[in-house]
Protein chains: 2
Amino acid sequence: MRYVGDHRRQTHSRIVENASYGLRQNGAEGLSVVELMKLAGLTHGGFYNHFESRAALVGEAIAFAMDQMVERWKKLANRKASGDRFETLIADYLSSRHRDNPRHGCALPALAADVARSSPSEQRALASKLEKMIDILVEVLPADGPQQARQIAAGAIATMVGSIVLSRAVGAGKLSDDILDAGRMTVCGRPHNRQRRTAKATSCDKP
Amino acid sequence: MRYVGDHRRQTHSRIVENASYGLRQNGAEGLSVVELMKLAGLTHGGFYNHFESRAALVGEAIAFAMDQMVERWKKLANRKASGDRFETLIADYLSSRHRDNPRHGCALPALAADVARSSPSEQRALASKLEKMIDILVEVLPADGPQQARQIAAGAIATMVGSIVLSRAVGAGKLSDDILDAGRMTVCGRPHNRQRRTAKATSCDKP
DNA sequence: GTTGTTATATGACGATAATCATATAACATG
DNA sequence: CATGTTATATGATTATCGTCATATAACAAC
């Protein structure tokens, strides 16, 4: 080899990383190949030496973002006492800082809707990353049975993703802030879900 | 007038309605003007007699979808006894039927991420429709103070939106079903959020 | 049927998209 | 420094986009 071994790999990574930020901000279809390469300080020419297609880059960029989120959660959790970890992760996710910075935020509020319309292989890739996020949340969750913990964790992520999506979609203002508060309360507040419904069981009250 | 008065209006509505279904399925940028008009059985020619721009149609299509959801909730609630209404709306929203039919489903899981990147006026329009959804949920919510009820309702919608987005994004399979279950449990189940955390207060435990 | 008006269709414009072929420039080795 | 290889750039191709100008067709009134 003439070029030092990881030169190509480094460039590849740089494209992926910058694309990951750009796509989280503009959506999966929001940047052209020319723009995507410009983010890495390159022109569009060598693109197909690095990726088989534009879709392949999008996939790598999403995976990168998900890995970044997992790493962030691990670090955040390790800095806190065991009892505070869950609330710390939730507060970090449901912050105005996260809402206002999609570039460096979680891929799910920004790109999951696009993945829902993407290929099955892309969806499987996202699923495996999401499982990792669930695993981390299960670990920091105060007890419960392992079966319930998984459900709680998945529900918490759904609430957080929906809260960020909506708080961004309604634009800056009181409603946006209220949605973040409501998400926090839903995930780890107690005021509701405490009172019991008196009505007969529905599919909501399943085991 | 030569043409009977509402001919134009009817066509306009037909375009909006079909576009609303198509865009919920393919995303806000997922259909061209040509395709959008074809959905209404027309060619692209007369488009700019009906709409100022493509974005204007997208806005109307989203508003149509949100109104449709509000109407659906109203009808669904009126068919049920007072105590069952909340669970009925949640079960309807967090169903595999809804997950598998974005065309006729809520606009929020399908298009909110796009609106988050859209114009402030588009975001304000969505916000006012979302307030209506919150209002309905508040009405069918078993008591609590009005302040808390609003927060519970907003949190419930966030959870539901996130659950549908994620359950679609991971593709068909166990995880997708689990996410719907987790969303239902988060919104109206009791098993978690019942046990109290022992750790010191965090931003999650705010008043 | 003719006329005046409105609704829709045909076709074109310039811009931009993804992709690919080929040329240039950067590099480690001899 | 020369050489062979790899990385990146230039430029072209084909397609499709939103938009608009203009032509045709549908209609109600005369």
Side-chain angles (χ1 to χ4, degrees), chain A residues 1-62 111 114-115 117-119 121-122, chain B residues 1-62 111 114-115 117-119 121-122:
Chain A
M1 280 185 282
R2 297 310 168 91
Y3 268 63
V4 55
D6 64 344
H7 196 181
R8 178 187 170 82
R9 268 185 50 83
Q10 278 189 350
T11 302
H12 183 100
S13 298
R14 205 175 71 243
I15 298 171
V16 170
E17 179 170 349
N18 286 285
S20 183
Y21 298 137
L23 292 173
R24 276 178 260 179
Q25 183 156 67
N26 289 19
E29 316 288 316
L31 292 170
S32 68
V33 171
V34 169
E35 293 168 316
L36 254 6
M37 289 294 275
K38 188 174 291 179
L39 290 180
L42 301 171
T43 63
H44 64 286
F47 182 83
Y48 290 89
N49 285 344
H50 286 285
F51 307 95
E52 188 165 342
S53 66
R54 187 186 178 284
L57 169 58
V58 174
E60 287 195 46
I62 292 175
L111 299 170
D114 290 317
V115 176
R117 301 180 203 104
S118 185
S119 69
S121 76
E122 187 68 38
Chain B
M1 282 185 283
R2 296 311 167 92
Y3 268 63
V4 53
D6 64 343
H7 196 181
R8 177 187 170 82
R9 267 186 51 84
Q10 277 189 349
T11 303
H12 183 100
S13 297
R14 204 174 73 241
I15 298 171
V16 170
E17 179 170 348
N18 286 284
S20 183
Y21 298 136
L23 292 173
R24 276 179 259 179
Q25 184 156 68
N26 289 20
E29 315 289 317
L31 291 170
S32 68
V33 171
V34 169
E35 293 168 315
L36 255 5
M37 289 293 275
K38 189 175 290 179
L39 290 181
L42 301 171
T43 63
H44 64 284
F47 182 84
Y48 290 89
N49 285 344
H50 287 285
F51 307 96
E52 188 165 343
S53 67
R54 186 186 179 284
L57 169 58
V58 173
E60 288 194 47
I62 292 175
L111 299 170
D114 290 318
V115 176
R117 301 179 203 104
S118 183
S119 68
S121 75
E122 187 68 37

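Labels below follow one simple rule: chain letters A, B, ... track the order of the sequence lines, proteins then strands, and each chain is numbered from 1.
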Q: Check whether any side-chain heavy atom of E122(A) lies under 4.5 Å from a side-chain heavy atom of R117(A), and answer yes or no.
A: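 When only atoms from C-beta onward are counted, R117(A) and E122(A) do not touch, as no gap falls below 4.5 Å.
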Q. Would you say the side chains of E35(B) and S32(B) form a donor-acceptor pair under 3.5 Å?
A.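 Yes, because at least one side-chain N or O of E35(B) sits under 3.5 Å from a partner of the opposite role on S32(B).
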Measure [atom1]/[X] against [atom2]/[N] and give the value in whole Å, please.
X	N	atom1	atom2	value
I15(A)	dA7(D)	CD1	P	11 Å
M37(B)	dT10(C)	CE	P	12 Å
K38(B)	dT10(C)	NZ	P	11 Å
N49(B)	dT10(C)	CG	C1'	14 Å
L57(B)	dT19(D)	CG	C1'	14 Å

Q. Between S20(A) and E17(A), is a side-chain hydrogen bond (donor to acceptor under 3.5 Å, both in side chains) present by the stated rule, with each step listed?
A. CA-CA 5 Å; S20(A) 183; E17(A) 179 170 349; over 6 Å; no
**Q.** Residue T43(B), side-chain atoms from C-beta onward, closest of dA9(C), dT8(C), dT8(D)
**A.**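 Nearest listed nucleotide: dA9(C).
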Q.
Please determine whether a side-chain nitrogen or oxygen atom of T11(B) lies at a distance below 4.0 Å from atom OP1 or OP2 of dA7(C).
A. no
Nucleotide N/O to protein N/O under 3.5 Å, stretch nucleotides 16-20 of chain C:
unit_1  : atom_1 : unit_2 : atom_2 : d
dA18(C) : OP1    : R54(A) : NE     : 2.8
dA18(C) : OP2    : V33(A) : N      : 2.8
dT19(C) : OP2    : Y48(A) : OH     : 2.2
dT19(C) : OP2    : R54(A) : N      : 3.0
dT19(C) : O5'    : Y48(A) : OH     : 2.7

(Q) Just to be sure I understand the rule, does H12(A) reach a base, reach only the sugar-phosphate, or reach nothing, if contact means heavy atoms closer than 4.0 Å? (A) nothing
Q. Hey, mind stepping through D114(A) and L23(A) against side chain to side chain contact (heavy atoms under 4.5 Å, CB included) and telling me if it holds?
A. CA-CA 11 Å; D114(A) 290 317; L23(A) 292 173; over 6 Å; no
Q: Could you please spell out the steps behind the side chain to side chain contact (heavy atoms under 4.5 Å, CB included) verdict for T43(A) and M37(A)?
A: CA-CA 6 Å; T43(A) 63; M37(A) 289 294 275; over 6 Å; no
Q. Does the pair F47(B) and L57(B) meet the rule for a side chain to side chain contact (heavy atoms under 4.5 Å, CB included), with working shown?
A. CA-CA 10 Å; F47(B) 182 84; L57(B) 169 58; 3.5 Å; yes
